[in-house]
Amino acid sequence: MTGETTTTSVRTEPVVARYRGLICDLDGVVYRGATAVPRAVETLNHMTAFGVPVVFATNNASRSPGNVGDHLRELGVAERNWSVVTSSQAAAAHLAERLARGAPVCAVGGPGVAEALTEAGLTPVRFKELGDTPVEAVVQGLGTDVTWSELAAVGHLVEAGAIWVATNVDLTLPTPYGQAPGNGALVALVQTATSASPHVVGKPHAALFDLARSRLGTEQPETIVCGDRLDTDIKGANSAGLDSLFVLSGACRLRDVAFAERSSRPTYVAADLSGLLAPALPLHTTSPDHLVELGPDAVPRVPSAGDDGTRLQSVVTTAWAARDNGRAVADHAELWGSIERQLGLVRNKPRSRGADH
């Protein structure tokens, strides 16, 4: 590593110029609850105006694509060249390939689950409608009114031989009051009463990314994923063979990406979605021009020169190179918080209505 805390300013084509389509996460990337993330709407409108299609891919199974689309339009996202896919739709697509048209499927979760099944040509059966009706499968998604009786019914149906599909297994989701149990927590409850395991279609599994890419009509090298969670968005993009941009406007912080395992490391990093319009500086670049030294406190020294995007890339690349070479890097939250402040990454804690990862 170099002994200087400067970086060479490298100007190149913007990130988005390297791709023909974008798969974009929602909460923490485009909006935080009812409020748009700064520069997100402007970036999306710029991209779609220049012909780059966007598919918003969300693990949130409770909301329908139409409901999500209404929220995006309210925030100012222009009505052109974008669509929404949900984990409920990925679950329905998975079953539609395996069941006869019109097959009855138990729908557990918010209204988005039943709507996706209907859209795929299957017949959703809600818990209250079950009775003695035989079903061939059950889709378990998040819903704020899911009851113990519904969870017990999932276990009974699975034990009786029904195909079990979980829209996602996110253990938590953000609320205005802090973290709350996500669909993964409810799936885990069902698993305590059955020996079976569900087929999971949401991020980080490939099914949702494949569905989104089919909407875009792009090949893997032509597609980039943007997200704020390393364990779902970025790990999923890597599993699906797609490049990714990790943004620090949502759930994860700089320390998280600095200590990310190889399977969860993004191609690019930026403060927010506007990083798509910034020069493309892949994080795998390890030339001396992009590395700085570790300070006596065992964290990368923030470069004194270069723009914030280049300096951010240097900090992350340096942390990865040091750890990959067996050097100790401090993970103290206060030290990494100080680096975030130097890079202008500190923001007020958002209030969020729910998770749309």
Side-chain angles (χ1 to χ4, degrees), residues 26-27 33 58-68 70-71 86-96 99 102-120 122-203 205 207-208 232 351-357:
L26 288 166
D27 193 62
T58 172
N59 264 4
N60 190 330
S62 62
R63 300 175 69 186
S64 69
N67 183 274
V68 174
D70 289 342
H71 185 28
T86 70
S87 57
S88 287
Q89 290 178 306
H94 173 79
L95 290 175
L99 303 177
V105 178
C106 180
V108 175
V113 177
E115 183 175 312
L117 290 169
T118 300
E119 181 184 82
L122 301 170
T123 303
V125 181
R126 303 301 304 218
F127 169 71
K128 293 180 179 180
E129 304 166 344
L130 271 176
D132 296 326
T133 303
V135 296
E136 298 183 41
V138 55
V139 174
Q140 183 179 357
L142 185 65
T144 56
D145 58 353
V146 171
T147 66
W148 177 91
S149 296
E150 288 179 279
L151 297 179
V154 173
H156 297 155
L157 291 170
V158 170
E159 284 295 296
I163 301 171
W164 184 16
V165 180
T167 59
N168 68 86
V169 288
D170 298 349
L171 289 175
T172 63
L173 75 162
T175 77
Y177 311 103
Q179 295 295 312
N183 194 53
L186 303 184
V187 169
L189 283 175
V190 175
Q191 286 184 292
T192 64
T194 177
S195 58
S197 296
H199 177 79
V200 183
V201 295
K203 296 179 276 186
H205 299 272
L208 187 57
T232 55
R351 289 176 60 86
S352 175
R353 297 185 305 186
D356 275 317
H357 295 287

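As a basis for the values below, the full set of heavy atoms in this structure was taken, side chains included, without hydrogen atoms, waters or symmetry mates. In what follows, residues are counted from 1 in the order of the sequence shown. Since this is a predicted model, take the numbers as computed values, not measurements.
Here A92 pairs with A116, L117, A120 under the side chain to side chain contact (heavy atoms under 4.5 Å, CB included) rule; sequence neighbours left out. The side chain to side chain contact (heavy atoms under 4.5 Å, CB included) test applied to A152 returns W148, H156, not counting sequence neighbours. Scanning for side chain to side chain contact (heavy atoms under 4.5 Å, CB included) contacts around L189 gives L151, L186, with sequence neighbours left out. Shown here are the side chain to side chain contact (heavy atoms under 4.5 Å, CB included) partners of N67, two or more places apart in sequence or in another chain: R63, S64. Not counting sequence neighbours, the partners of H94 by the ring pair (Phe, Tyr, Trp, His ring centres under 6.0 Å) test are H199.
Remark: the S62 side chain and the N60 side chain contain an N/O donor-acceptor pair separated by less than 3.5 Å.
Looking at heavy atoms from C-beta onward, N183 lies out of side-chain contact with V169 at the 4.5 angstrom threshold. Taking 4.5 Å as the limit, some side-chain heavy atom of V187 sits within range of a side-chain heavy atom of P198. In this structure the side chain of V201 reaches within 4.5 angstrom of the side chain of V165, judged on heavy atoms.
Here OG1 of T58 is found 5.5 Å from CG of L26. Values are rounded to the nearest 0.5 Å.
In plain terms, the two heavy atoms of T167 and A61 that are nearest each other are OG1-CB, 3.4 Å. Here the closest non-hydrogen pair linking A196 and E159 is N-OE2, 4.3 Å. L99 and A137 get closest at one heavy-atom pair: CD1-CB, 4.1 Å.
The side-chain hydrogen bond (donor to acceptor under 3.5 Å, both in side chains) analysis of residues 133-145, with sequence neighbours excluded, yields the pairs Q140-W164. Screening residues 109-119 for side-chain hydrogen bond (donor to acceptor under 3.5 Å, both in side chains), with sequence neighbours left out, gives Q89-E119.
With respect to S88, the side-chain contact (heavy atoms from CB on, under 4.5 Å) criterion is satisfied by exactly one of L142, N168, V113, V139: V113.
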For a quick test of your reading: what N or O donor-acceptor pairs under 3.5 Å do the side chains of residues 123-132 make, sequence neighbours left out?
{"unit_1": "T123", "atom_1": "OG1", "unit_2": "G102", "atom_2": "O", "d": "2.8"}
{"unit_1": "R126", "atom_1": "NE", "unit_2": "A107", "atom_2": "O", "d": "3.3"}
{"unit_1": "R126", "atom_1": "NH2", "unit_2": "G109", "atom_2": "O", "d": "2.6"}
{"unit_1": "E129", "atom_1": "OE1", "unit_2": "R126", "atom_2": "N", "d": "3.0"}

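Using a distance-only test at 3.5 Å, with no hydrogens or angles considered, a donor-acceptor pair links the side chain of S87 to the main chain of N59.
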T232 and D170: side-chain contact (heavy atoms from CB on, under 4.5 Å), yes or no, with the steps? CA-CA 8 Å; T232 55; D170 298 349; 3.7 Å; yes

